[in-house]
Amino acid sequence: MSQQVQEKYEESQLYKIRHSAAHIMAQAVLEIFPDGKVTIGPPVENGFYYDFDLPRNLTPEDLETIEKRMRQIVQGKHEFKKTVISADEAKKVFANQPYKLELIEGLEKGGFDEYGNPLKEKPEISIYQHDTFVDLCRGPHVANTKEIKQDAFKLMSIAGAYWRGDEHNKMLQRIYGTAWENAQQLKDYLLQLEEAKKRDHRKLGRELEIFIFDDEVGPGLPLWLPNGGVMIEELEKLAKEMEEKAGYLRVRTPNLTKEDLFIRSGHLPYYAESMYPPMELEGVKYYVKPMNCPMHHKIFASKGRSYRDLPIRLAEYGTCYRYEKSGELFGLMRVRSMQMNDAHIYCGEDQFEQEFMGVIALYHKYFELFGIDKYVMRLSLHAKSGLGKKYVDNQRLWLKTEDMVRRAMDNGGVPYMEVADEAAFYGPKIDVQIWSAIGREFSLATNQVDFAVPERFDLKFTNKEGADEIPLCIHRAPLSTHERMVGFLLEHYAGNFPVWLSPEQVRVIPITDGQNEYAQGIVRQLREQGIRASADISAQRMNAKIRSAQLMKVPYMLVVGENEMNAGQVSLRVRDGSQQNNISLAEFIARMKDRIERRAKEL
RNA sequence: GCCGACGUAGCUCAAUCGGCAGAGCACCCGCCUUGUAAGCGGGAGGUUACGAGUUCGAUUCUCGUCGUCGGCUCCA
């Protein structure tokens, strides 16, 4: 068996091109701002960036000037020369570059690389020079600037970025660029960006009348239009079906609770900045809930529990509110009001692995149903430095729980990657990471293990020996929130939803107004069967009616003219453009019902 | 929250140098009675996001507020 070895990005020609392009850009920028301070400029997924500290803000015109100058520099065929030097020498070279001096000190101590990641061994210090520009850099680079084709790169945007990614540090100016091996690759990439924009859920959401935002309602607070309402109903139906089969019990809890509950849960000490501020009545503070868990814990605690009752799985499509910072809002993907496909599983330690894998199995069923194949499972762990701040202060339990999750994933053969310092405050979590149409990352499904909060709520069950034991709690949301899920589905399907999920499943199109009544009769029969249908009896021509149904991405169009009316039949046009003439309504209904019942991908 | 850009009709976008705010689509009304992605004509629709300021005069220039977008930080 042959195994294909994928070339590491870090070792690829593309990586060198982008890294070198960043240096060339920095040279051009420094020519405009001789006193400008340079920081770091690494290659990224489709290009590169470089962060600068400059005396004034960059303008789009600057970008043009810089790009033009870069084209000249690459033509100069300047060699990239690497020199290994001592820390002291490096400090002399970068004497007036304070950010570089900071980096050199980090390297000298041997603790961290230029991005602040801890290093195993003390790295050597090297500089790269081409033409007039010298940078502290470990490479690698292309041999000379001419390896970068002058028509294969483009500067994309100016953005703010904190020095070392820390919001307490100074805000720098970042220039993003893209660079490729040749002009065709660049062209393809730019085309791909254009295509992605067409899939943007914010654009499709408006066009397909799924949701809107309104300034007077508030940022991050979506209004679901009737079409969006249908999708939500369908998603809830799906979740309830799956959860009922998996032994979940449905509960309902209020949107508002007293402060006491969130003090006990730990949300106020650890999560307060993401919560809406309290409202006070008669001396009592109330908070709008950012999560459902504390209420579910109360339900668990509402009566004595035996080991025989476990696991107990409490599910609720709960509405939560979180005060996301204004700049973090992003269409439906990041909002302030959301409905979570939430549930909490209370179980004994010996049941943990089975329950945990049960949740993962649910993920896989959903992935299969939606045809999701591009995703990454991330196991988010705590960081020692955050204990008592971001994280509940009990390192022993952190390590133990993280091990349990790892073991469960390994035993179940689920591939995943580990990320430090991204856990929930009460325990490690598994996120399913996905990408929006324009390439932004999001966590969709999530699954978190809580070893801390049950104890705070005095949750207990009586074990076989008759002693009290604290249950573990698994928080899970395989379908994420309605908001993020619908946003994701819009982009995933580019609005071409499978029949079961389509807000409007059938549009009946009479050719002349002589068939209006016949068309409306068909709609009545379809609705009788639980099918979402409407008739287009506007004063437009058939072609225009078809066009508007196509634009709304309605899966089935039934065209009815005099022939169909007289024969009691319909002519089916499918969203993909195919058609099937003169079929009976019963035949069409049978086809549809089959697709809907199976939640089939095909039309 | 931070850095930057932007905000004109329901939507997509025009408006020269500071001088009467416009088009297409959608909507309403008529005509056409039509065979698989836009038939024709007419009508209505605006405090140019909001609030100040400069000016004889502001969509245009300045400041503030709100919102959106591109990032950073953060997250379902």
Side-chain angles (χ1 to χ4, degrees), chain A residues 49 51 57-60 156-176 200 202-203 206-207 209 212-220 271 273-274 290-291 320 322-336 338-342 380 390 422 424 429 431-434 438 440-448 475-485 487-488 509-516 538-551 557-564 571-575 577-581:
Chain A
Y49 68 80
D51 286 349
N57 287 327
L58 291 163
T59 64
M156 304 297 282
S157 62
I158 307 163
Y162 299 109
W163 168 234
R164 296 201 138 163
D166 185 335
E167 63 181 322
H168 304 291
N169 285 344
K170 183 162 186 184
M171 173 76 54
L172 306 167
Q173 296 193 70
R174 172 173 299 180
I175 303 177
Y176 278 100
D200 191 318
R202 293 166 297 184
K203 181 177 154 67
R206 195 171 42 239
E207 288 170 356
E209 298 178 15
I212 53 163
F213 287 95
D214 185 282
D215 286 2
E216 261 180 293
V217 175
Y271 201 75
E273 70 169 31
S274 295
M291 295 182 192
C320 298
R322 297 182 185 173
Y323 192 79
E324 305 290 349
K325 293 182 196 165
S326 57
E328 291 164 350
L329 300 174
F330 179 75
L332 278 185
M333 300 292 217
R334 194 73 185 278
V335 292
R336 286 179 176 163
M338 70 205 83
Q339 278 187 278
M340 302 178 70
N341 171 224
D342 212 1
S380 297
K390 289 165 71 168
E422 289 192 9
K429 61 177 183 175
D431 284 325
V432 176
Q433 184 184 340
I434 52 115
I438 59 165
R440 266 199 224 189
E441 304 178 2
F442 289 92
S443 291
L444 197 63
T446 186
N447 185 1
Q448 311 168 355
H475 306 235
R476 40 111 284 173
L479 285 181
S480 188
T481 60
H482 280 320
E483 289 71 18
R484 193 166 284 181
M485 195 67 197
F488 166 75
I509 298 174
I511 293 179
T512 75
D513 51 17
Q515 294 88 48
N516 281 359
S538 65
Q540 284 172 312
R541 312 238 151 175
M542 178 203 64
N543 274 328
K545 291 177 185 178
I546 287 173
R547 180 177 147 84
S548 59
Q550 289 282 162
L551 289 175
M557 284 149 267
L558 296 182
V559 177
V560 291
E562 216 172 82
N563 299 338
E564 286 79 4
S571 166
L572 169 65
R573 179 189 165 103
V574 185
R575 184 173 58 202
S578 66
Q579 49 172 303
Q580 205 180 337
N581 294 328

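Every chain is numbered from 1 and lettered A, B, ... according to where its sequence line falls, protein lines coming before strand lines. Keep in mind the model is a prediction, meaning the values are calculated, not measured.
- Annotation for A/E562: atom CD does not count as buried by contact number, only 12 or fewer foreign heavy atoms lying within 6.0 Å.
- Among the nucleotides B/A76, B/U34, B/C11, the one closest to any side-chain atom of A/T512 is B/U34.
- For the atom pair CZ (A/R575) and CD (A/Q550), the distance works out to 9.0 Å, reported to the nearest 0.5 Å.
- As rounded to the nearest Å, B/G42 and B/U34 have P atoms that lie 25 Å from one another.
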Exercise. Tell me, with the steps shown, if A/R164 and A/D166 meet salt bridge (Lys or Arg N to Asp or Glu O under 4.0 Å).
Key: CA-CA 5 Å; A/R164 296 201 138 163; A/D166 185 335; over 6 Å; no
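- Of the side-chain N and O atoms in A/N57, one or more sit less than 4.0 angstrom from OP1 or OP2 of B/G4.
- Which of B/G67, B/C75, B/G1 sits closest to the side chain of A/R334 comes down to B/C75.
- Distance from the side chain of A/N581 is smallest for B/U36 among the nucleotides B/U36, B/G1, B/U68.
- Nucleotides B/C6 and B/C31, compared at atom C1', are 44 Å apart to the nearest Å.
- Evaluation of atom-type donor-acceptor distances gives a pair under 3.5 Å for the side chain of A/T481 against the base of B/A76.
- For B/A76, the base has no donor-acceptor partner in the side chain of A/Q448 [N/O atoms by modelled type, under 3.5 angstrom].
- Taking a pair as Watson-Crick or G-U wobble with both distances under 3.5 Å, RNA chain B forms stems of 3 or more consecutive pairs at B:1-7 with B:66-72, B:10-13 with B:22-25, B:27-31 with B:39-43, B:49-53 with B:61-65.
- Sequence order on RNA chain B of the closest nucleotides to A/R573 and A/A544 puts A/R573 first from the 5' end.
- Across all strands, A/L172 comes closer than 4.0 Å to no nucleic acid atom at all (heavy-atom distances).
- A gap of 15 Å separates the C1' atoms of B/C63 and B/A58, to the nearest Å.
- When the P atom of B/A37 is taken as reference, atom CD1 of A/I511 falls 12 Å away, rounded to whole Å.
- Within 4.0 Å of A/N563, counting heavy atoms only, lies at least one base atom of the nucleic acid.
- Each of A/S274 and A/R202 has a nearest nucleotide on RNA chain B; the 5'-most of these lies closest to A/R202.
- Here the straight-line distance linking atom CE of A/M340 with atom OG1 of A/T481 works out to 7.5 Å at 0.5 Å rounding.
- Of the possible donor and acceptor atoms, none in the side chain of A/Q339 sits under 3.5 Å from a partner among the backbone N and O of A/E483.
- A/E324 places no side-chain N or O within donor-acceptor distance of the main-chain N or O of A/G220, the cut-off being under 3.5 Å.
- Closest contact between the side chain of A/L551 and the listed nucleotides B/U73, B/A76, B/A37 involves B/A37.
- Side chain A/R164 to base B/C72: no donor-acceptor pair is found below 3.5 Å.
- Note on A/K429: only backbone sugar-phosphate atoms sit closer than 4.0 angstrom, heavy atoms only; bases stay farther off.
- Comparing the C1' positions of B/G1 and B/C75 gives an interatomic distance of 14 Å, to the nearest angstrom.
- For A/S326, a side-chain nitrogen or oxygen approaches OP1 or OP2 of B/G1 to under 4.0 Å.
- Distance from the side chain of A/V335 is smallest to B/A76 among B/C74, B/A76, B/C2.
- Looking at heavy-atom distances under 4.0 Å, A/G577 makes no contact with the nucleic acid at all.
- Taking the side chain of A/D431 as heavy atoms from C-beta on, and the options B/C3, B/A38, B/A76, the nearest nucleotide is B/A76.
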For salt bridge (Lys or Arg N to Asp or Glu O under 4.0 Å), just list the numbers for A/K325 and A/E167, CA-CA rounded to whole Å, side-chain angles, deciding distance to a tenth of an Å, and then say yes or no.
CA-CA 13 Å; A/K325 293 182 196 165; A/E167 63 181 322; 3.5 Å; yes
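- An OP1 or OP2 oxygen of B/C72 is reached within less than 4.0 angstrom by a side-chain nitrogen or oxygen of A/Y176.
- As judged by a 4.0 angstrom heavy-atom cut-off over every strand, A/M171 is placed among the base-contacting residues.
- Side-chain proximity of A/D215 to the nucleotides B/U36, B/A76, B/G67 is greatest for B/G67.
- Nucleic acid contact for A/E562: base, since at least one base atom lies under 4.0 Å from a heavy atom of the residue.
- The base of B/C3 is not paired with the side chain of A/R174 by any donor and acceptor separated by under 3.5 Å.
- Atom P of B/A14 sits at a distance of 12 Å from the matching atom of B/A9, rounded to the whole Å.
- Judged by distance alone with a 3.5 Å cut-off, a donor-acceptor contact links the side chain of A/D513 to the base of B/U33.
- Counting non-hydrogen atoms under 4.0 angstrom, A/R322 reaches a base of the nucleic acid.
- Note on A/K545: every side-chain N or O is 4.0 Å or more away from OP1 and OP2 of B/U34.
- Closest approach to the A/S443 side chain among B/G35, B/A76, B/G1 is made by B/A76 (side chain taken as heavy atoms from C-beta onward).
- Distance from the side chain of A/R206 is smallest for B/U12 among the nucleotides B/U12, B/A76, B/C72.
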Before you tell me yes or no, could you show the steps for A/R334 and A/R484 under side chain to side chain contact (heavy atoms under 4.5 Å, CB included), namely the whole-Å CA-CA distance, both residues' side-chain angles and the distance that decides it to 0.1 Å? CA-CA 7 Å; A/R334 194 73 185 278; A/R484 193 166 284 181; 3.5 Å; yes
- Query: Given A/M557 and A/K545, is the side chain to side chain contact (heavy atoms under 4.5 Å, CB included) satisfied, shown in steps?
  - Reply: CA-CA 10 Å; A/M557 284 149 267; A/K545 291 177 185 178; over 6 Å; no
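- At B/C2, none of the side-chain N or O atoms of A/Q173 fall inside 4.0 Å of OP1 or OP2 (strictly under the cut-off).
- Applying the 3.5 Å distance criterion, the base of B/G35 shares a donor-acceptor pair with the side chain of A/E564.
- B/C11 and B/U47 have their P atoms separated by 14 Å, given to the nearest Å.
- A/R322 pairs in a side chain to side chain contact (heavy atoms under 4.5 Å, CB included) with only one of the listed residues (A/R336, A/M338, A/E273), which is A/M338.
- Comparing the P positions of B/A49 and B/U16 gives an interatomic distance of 15 Å, to the nearest angstrom.
- From A/Q515, atom CD reaches atom CD1 of A/I509 across 12.5 Å, with rounding to the nearest 0.5 Å.
- Nucleotides B/C29 and B/C20, compared at atom P, are 35 Å apart to the nearest Å.
- For A/R541 against B/C32, a side-chain-to-base donor-acceptor contact under 3.5 Å is present.
- Using a 4.0 Å heavy-atom criterion, one finds that A/A159 contacts the bases of the nucleic acid, with or without backbone contacts as well.
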